[in-house]
Amino acid sequence: MLTIEINDSGVALVTIDMPDRAMNVIDWPMTDALTAAAEKLSADAAVTGVIIASAKTSFVVGADLAVMKDFAAPGMTPALAARGIARIGTALRLLERAGKPVVAAVSGTALGGGLELMLACHYRIAAQNDRALFGLPEVTLGLLPGAGGTQRLPRLIGLERALPILLSGAPLSVDEAFNAGILDEVVPADELIDAAYLALAEGRVPADAPWDRKGFELPGVGVNSSEGFGLFMVQNAAVMQNPGPSYPAPGAILSCLYEGLRLPIDKALRIEQEYFGRLATGPVAQALIETNFFARQRLAKRGVRKADPAAPVAAACREAIATEAEKITAEGRSANFVNTAAVSVGLTALLPVASVPEGRRAEADGLAQVARRLLLAGALAVAETDGDADEADITAIDVAGFPAWTGGPLAMIDQAGIAAAMAEAKGFGLLVPMRLREMAARGGRFREALA
């Protein structure tokens, strides 16, 4: 998994190569191996520097399925989730504080924990690789980077550059990562390791991170400055509009930055872990992890990589929500009110929203109930169709515009519990499909693995 070769100059080349895997990932054995390596290299007086490299064409592509399953497991609490992510964070902090200059020699893609590993190194060199991606996609799973990503990235490249990377989860190319300041060098692939040795030999790599030095100041806009305060106000308003209050991760990232960047790094990392724990155990992250991570993985293994735009389940979902919206307006609610309710839960793709700005001034009374009724109408329509639960949820999200934070219509029913969902539907006057009644009678679920 990790091999360590120390040359005559005392430079330790640590190569990551997970056996029987196409790509390296962060799992618990890898975390333990990184911890042991950091402790060993720190204690060895003969070691003058460290290079972290990969034997694969990519570097480290994120968290392993087993790690994600642990964070989504029944009985997981915020404290346990924070403690779990702290295991990874501790390994990276030990490497960062080993007292030796550490270079990341990055052969290709580094996402999530892979980029966080890079950020814990003191110097970062990447191979020129047109297929390589660098990013922190945790927000797309309802999470935040919990192994130092929210704290190291802005300390390295500044708050203004870090915010879009953290809030969108969109990856950067090699050139974009270099221009952003994440990478110190980009070299031809066959010169990568030599370039890392040269950087150490020429004394270009410090033995500590800038944020561990006395007097460190955040580059660019300061978090305590009037410009910083204004930036946070603008971003807070933006995330309330898009992706909206149903998605707590962007707001948590902003809070984590606002609180953590005022503190020394170790205290800031603990705050990050606490926010991670709260998000990881919340319903939105649980739903997004199940659908955006596990369901898509299961479909990919079956060769299904893209939802079918013509799938009947998509049409059924859209039509059911539109029909229910018409019923609600016929009962006396204004079109603006119904649109406002739809937008509040992310159903903008399913209803006309031209008059939403006016609608947002509508009374709040009943808004949540109308929104829930629309969601449930779409979910019941999907439940009535035959087919695979994973494919139905992904199709409803990708094609029909059902909000991803729910995990998909069937995941939403599973999370509520079929009996509870049926009772709620009856309260709204919605017709419960026979398939759902039969499933409730036998105590079933759409995804047995979630039980």
Side-chain angles (χ1 to χ4, degrees), residues 1-5 11-35 37-38 41 49-65 67-68 88-89 91-92 94-96 101-138 145-149 152-153 156-157 165 169-197 199-200 205 209:
M1 185 176 296
L2 292 185
T3 59
I4 301 177
E5 303 171 71
V11 175
L13 175 62
V14 180
T15 304
I16 305 171
D17 190 8
M18 298 186 80
D20 303 320
R21 287 181 181 263
M23 295 178 285
N24 296 319
V25 294
I26 300 288
D27 63 5
W28 299 127
M30 172 62 72
T31 300
D32 293 341
L34 284 170
T35 300
L41 296 171
V50 179
I51 298 170
I52 308 291
S54 167
K56 304 183 189 296
T57 55
S58 58
F59 185 61
V60 177
V61 298
D64 180 53
L65 282 169
V67 171
M68 299 307 295
I88 302 172
L92 303 190
L94 285 169
L95 182 68
E96 186 173 55
V102 182
V103 178
V106 185
S107 51
T109 292
L111 296 172
L115 182 56
E116 289 178 300
L117 172 57
M118 286 175 56
L119 294 172
C121 298
H122 306 124
Y123 198 81
R124 290 155 290 277
I125 306 175
Q128 186 62 63
N129 181 341
D130 292 340
R131 300 181 67 180
L133 297 172
F134 301 84
L136 296 166
E138 286 86 350
R152 291 190 179 96
L153 186 65
L156 179 67
I157 67 174
I165 297 171
L172 307 178
S173 66
V174 170
D175 291 340
E176 288 170 336
F178 177 76
N179 291 333
I182 294 172
L183 299 172
D184 295 291
E185 293 184 54
V186 178
V187 300
D190 59 357
E191 298 176 15
L192 178 63
I193 302 302
D194 287 342
Y197 279 114
L200 289 168
V205 185

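- Contact of the Val67 side chain with the Trp28 side chain is registered, since non-hydrogen atoms from C-beta on lie closer than 4.5 Å.
- With Asp27 contributing its side chain and Ala63 its backbone, the two residues share no donor-acceptor pair below 3.5 Å.
- With contacts defined as side-chain heavy-atom distances shorter than 4.5 Å, the pair Gln128/Glu191 does not qualify.
- When atom types are taken as modelled, the side chain of Glu5 and the backbone of Leu13 share no donor-acceptor pair closer than 3.5 angstrom.
- His122 places no side-chain N or O within donor-acceptor distance of the main-chain N or O of Val103, the cut-off being under 3.5 Å.
- Looking only at distances, no side-chain donor or acceptor of Thr31 sits under 3.5 Å from a matching main-chain atom of Ile88.
- Judged as a side-chain hydrogen bond (donor to acceptor under 3.5 Å, both in side chains), and not counting sequence neighbours, the contacts of Asp64 are Arg21.
- Counting heavy atoms from C-beta outward, Asn24 and Ser58 have side chains that stay 4.5 Å or more apart.
- For the pair Ser107/Asn129, no side-chain contact is recorded, criterion being any heavy-atom separation below 4.5 Å from C-beta on.
- No side-chain heavy atom of Met23 sits less than 4.5 Å from a side-chain heavy atom of Phe59.
- Here the side chains of Val102 and Leu95 are in contact, with some heavy-atom distance below 4.5 Å.
- A heavy-atom distance below 4.5 Å is found between the side chains of Leu192 and Ile125.
- Side-chain contact between Met30 and Ile16 is present, with at least one heavy-atom pair separated by less than 4.5 Å.
- Within the 3.5 Å criterion, the main-chain N or O of Thr57 finds no donor-acceptor partner in the side chain of Arg131.
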Under 3.5 Å, which donor-acceptor pairs link side chains of residues 174-189 to any protein atom two or more places apart or in another chain?
{"from": "Glu176", "atom 1": "OE1", "to": "Ser173", "atom 2": "N", "distance (Å)": "2.8"}
{"from": "Glu176", "atom 1": "OE1", "to": "Ser173", "atom 2": "OG", "distance (Å)": "3.4"}
{"from": "Asn179", "atom 1": "ND2", "to": "Asp175", "atom 2": "O", "distance (Å)": "3.2"}
{"from": "Asp184", "atom 1": "OD2", "to": "Arg124", "atom 2": "N", "distance (Å)": "2.8"}
{"from": "Glu185", "atom 1": "OE2", "to": "Tyr123", "atom 2": "OH", "distance (Å)": "2.8"}
{"from": "Glu185", "atom 1": "OE2", "to": "Arg204", "atom 2": "NH1", "distance (Å)": "2.7"}

